[in-house]
S.K.: 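The structure under discussion is supplied below as structure tokens; questions concerning it will follow.
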Amino acid sequence: MLTDYEKSCNEQLEKLRDKEDVVILAIESSCDETACAVTRGREVLSSVVASQIEIHKRYGGVVPEIASRNHVMAVSEITSQALGQAGLQAKDVDCVAVTYGAGLLGALLVGVSFAKAFAYALGKPLMAVNHIRGHIAANYIAKPDLEPPYICLIASGGHTAVVKVSGLEDITLLGSTQDDACGEAFDKVARVLGLEYPGGPEIQRLAREGKPSVHLPTPLKDSGGYDFSYSGLKTAVINYVHSKEQRGEEYSKADVACSFQEKAVGIMTDAAVRAALDNNLKTIVIAGGVASNERLREMMRLKAEKYGFNVCYPPVRLCTDNAAMIAEEAFNLIKTGAEAAPATLDASATVKITDVTAV
Ligand code: KG4
Ligand code: ZN
């Protein structure tokens, strides 16, 4: 049985469905960024991101408990800042959105609890947003006229997949990593090379000074499908570095970084291009933290020229975790008639790309 509040939320959402200037306040706290954004339709009025990277760097990765505590300390202030920068007050918000998964459970819980209370106090609907779909939605900010169908390559610290987006919420999984996510492999390879967390930007920087001279395997090479594997590639790099060090031989870290990056982004690019060709689609979109990689973007542009595709990717600040993408995805949910989150909404560490919203 729905409560009066829940019924009112769904009635409000019905009215918001055809409104192009819906004001959404979104909260994101799935990993080590506490973020809040305010959007009006596809326009981002403010996007505040408080990164905890400096705190977690000394541990070489995100420490979940420390992340949760810092979210608790930041979330209220970040929300005030986002409203202030948007020039709005809480009462001007039509709908609240929050990442309910996937991510670190304790970290997610902070955002979910805050957003639930915020929405309830305002009497406004709350939309529960799938973080992975949020990454895809960042592209509607970068390119407001972007329309499905298209192929999307999602590569973040927790997920790597190729999907077919047939409608705003109609997403089919074509292939995914069989083990590590691409960003995770970047982070692990960076660690073995003595680079700081997060590893992606560090590898990218070092790779600029190197050549792709180290031979590395291409996992699942002849499978013909759209799945990838990063564990074998990561292990090959680790073995190379360890055997060089054990034998006391010189090697170029820049060449290792460059060879790894070339292979890591090549695997994904090939799968996305094959998916676009097989599905006869002319647009490829990339999303997630790894979508900020300059070599991935370049490789995609080159393939696009060769095969006549359009390529779309968000600016770097919208590739890594932020709340503007969560608001955009909430806008998509409203447009496609999704229901408001129940008052019992809980955070979920494992959410699949195919999960539209929380039930
Ligand atoms: O999407 P995201 O911010 O968080 C998750 O949802 O996981 O992605 C973070 C991941 C990290 O593994 C980070 O090393 C990687 O994205 N990353 C990059 C780059 N910038 C961030 N990987 C490769 N090249 C980059 N420039
Ligand atoms: Zn993310």
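Every number for a ligand or one of its atoms is a count from 1 in the order of the listing. Here, residue 1 is the first one in the sequence, and each next residue gets the next number. Here the structure is a predicted model, which is why all the values come from computation and not from measurement.
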S.K.: Please walk me through it: do Asn322 and Ser47 pass side-chain hydrogen bond (donor to acceptor under 3.5 Å, both in side chains)?
M.R.: CA-CA 7 Å; Asn322 66 86; Ser47 176; 4.8 Å; no

S.K.: Do other residues, nucleotides or ligands put more than 12 heavy atoms under 6.0 Å from the NZ atom of Lys19?
M.R.: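 Result for NZ/Lys19: enclosed.
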
S.K.: Run the numbers on Asp321 and Ser30 for side chain to side chain contact (heavy atoms under 4.5 Å, CB included), then give the verdict.
M.R.: CA-CA 8 Å; Asp321 290 350; Ser30 65; 4.0 Å; yes

S.K.: Measuring from His215:NE2 to Lys263:NZ, what's the distance to the nearest 0.5 Å?
M.R.: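 His215 atom NE2 to Lys263 atom NZ measures 6.5 Å (nearest 0.5 Å).
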
S.K.: What are the protein N/O/S atoms, named by residue and atom, that sit under 2.8 Å from the Zn ion (ligand 2)?
M.R.: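 Hits for the Zn ion (ligand 2) below 2.8 Å: His131 NE2, His135 NE2, Asp321 OD1.
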
S.K.: Kindly check if the number of other-residue, nucleotide or ligand heavy atoms within 6.0 Å of CZ (Arg295) is above 12?
M.R.: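 Correct, the count exceeds 12.
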
S.K.: Looking only at protein heavy atoms, identify the closest one to atom 20 (N) of ligand 1 and say how far it is in Å.
M.R.: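 Protein heavy atom with the smallest distance to atom 20 (N) of ligand 1: Ser292 OG, 3.3 Å.
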
S.K.: For atom 6 (O) of ligand 1, what's the nearest protein heavy atom and its distance?
M.R.: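 Going by distance alone, atom 6 (O) of ligand 1 is nearest to His131 NE2, 3.1 Å.
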
S.K.: Distance under 4.0 Å to a non-hydrogen atom of Gly183: what atoms of ligand 1 satisfy this?
M.R.: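 Ligand 1 atoms under the 4.0 Å threshold to Gly183: 12 (O).
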
S.K.: Considering only non-hydrogen protein atoms, determine which one is nearest to atom 26 (N) of ligand 1 and report residue, atom name and distance to 0.1 Å.
M.R.: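 Ranking protein heavy atoms by distance from atom 26 (N) of ligand 1, first comes Gln204 OE1, 3.0 Å.
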
S.K.: Write out the residue and atom name of the closest protein heavy atom to atom 12 (O) of ligand 1, then the distance separating them to 0.1 Å.
M.R.: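 Of the protein heavy atoms, Asp187 OD2, 2.8 Å lies nearest.
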
S.K.: Please write down residue, atom name and distance for the protein heavy atom closest to atom 2 (P) of ligand 1.
M.R.: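 Heavy-atom neighbour on the protein nearest atom 2 (P) of ligand 1: Asp321 OD1, 3.4 Å.
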
S.K.: Check whether any N or O atom of His135, backbone or side chain, sits under 3.5 Å from an N or O atom of ligand 1, and answer yes or no.
M.R.: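 Yes; the residue has a nitrogen or oxygen that sits under 3.5 Å from a nitrogen or oxygen of the ligand.
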
S.K.: Minimum distance, heavy atoms only, to atom 24 (N) of ligand 1: which one of Thr320, Asn293, Leu296, Val316 is it?
M.R.: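 Heavy atom nearest to atom 24 (N) of ligand 1 belongs to Asn293.
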
S.K.: At what distance is the nearest protein heavy atom to atom 25 (C) of ligand 1, and which residue and atom is it?
M.R.: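 For atom 25 (C) of ligand 1, the nearest protein heavy atom comes out as Gly200 C, 3.7 Å.
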
S.K.: For ligand 1, indicate whether the residue Gln261 contacts it via side chain, backbone, both or neither (heavy-atom separation under 4.0 Å).
M.R.: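 Neither; no heavy atom under 4.0 Å.
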
S.K.: Establish whether Leu277 and Phe228 are linked, either directly or via other cluster members, by ILVMFWY side-chain heavy-atom contacts under 4.5 Å.
M.R.: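 Same hydrophobic cluster.
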
S.K.: Counting neighbours of CD on Glu14 that are heavy atoms of other residues, nucleotides or ligands and sit closer than 6.0 Å, is the number greater than 12?
M.R.: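 Atom CD in Glu14 is not crowded, with 12 or fewer foreign heavy atoms closer than 6.0 Å.
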
S.K.: Taking it one step at a time, do Leu174 and Ile151 satisfy side chain to side chain contact (heavy atoms under 4.5 Å, CB included)?
M.R.: CA-CA 9 Å; Leu174 299 179; Ile151 292 294; 3.8 Å; yes

S.K.: Provide the number and element of each atom of ligand 1 under 4.0 Å from a heavy atom of Gly157.
M.R.: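 Those atoms are 5 (C), 7 (O), 8 (O), 9 (C), 10 (C), 12 (O).
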
S.K.: Can you tell me how far apart NE2 (His131) and OG1 (Thr99) are? Round to the nearest 0.5 Å.
M.R.: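 These two atoms lie 6.5 Å from each other.
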
S.K.: How far apart are the C-alpha atoms of Tyr140 and Phe331, what are their side-chain angles, what is the distance that settles it, and do they pass the ring pair (Phe, Tyr, Trp, His ring centres under 6.0 Å) test?
M.R.: CA-CA 10 Å; Tyr140 296 106; Phe331 186 64; 9.3 Å; no

S.K.: Report the distance from atom NE2 of His56 to atom CD of Glu196, rounding to the nearest 0.5 Å.
M.R.: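 The NE2 atom of His56 sits 14.0 Å away from the CD atom of Glu196.
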
S.K.: Note the single closest protein heavy atom to atom 17 (N) of ligand 1, along with its residue, its atom name and the distance in Å.
M.R.: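 For atom 17 (N) of ligand 1, the nearest protein heavy atom is Gly289 O, 3.7 Å.
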
S.K.: Could you walk me through whether Thr39 and Glu43 pass side-chain hydrogen bond (donor to acceptor under 3.5 Å, both in side chains), step by step?
M.R.: CA-CA 5 Å; Thr39 56; Glu43 188 193 353; over 6 Å; no

S.K.: With atoms numbered from 1 as shown, which atoms in ligand 1 lie under 4.0 angstrom from a non-hydrogen atom of Gly158?
M.R.: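 In order of number, 7 (O).
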
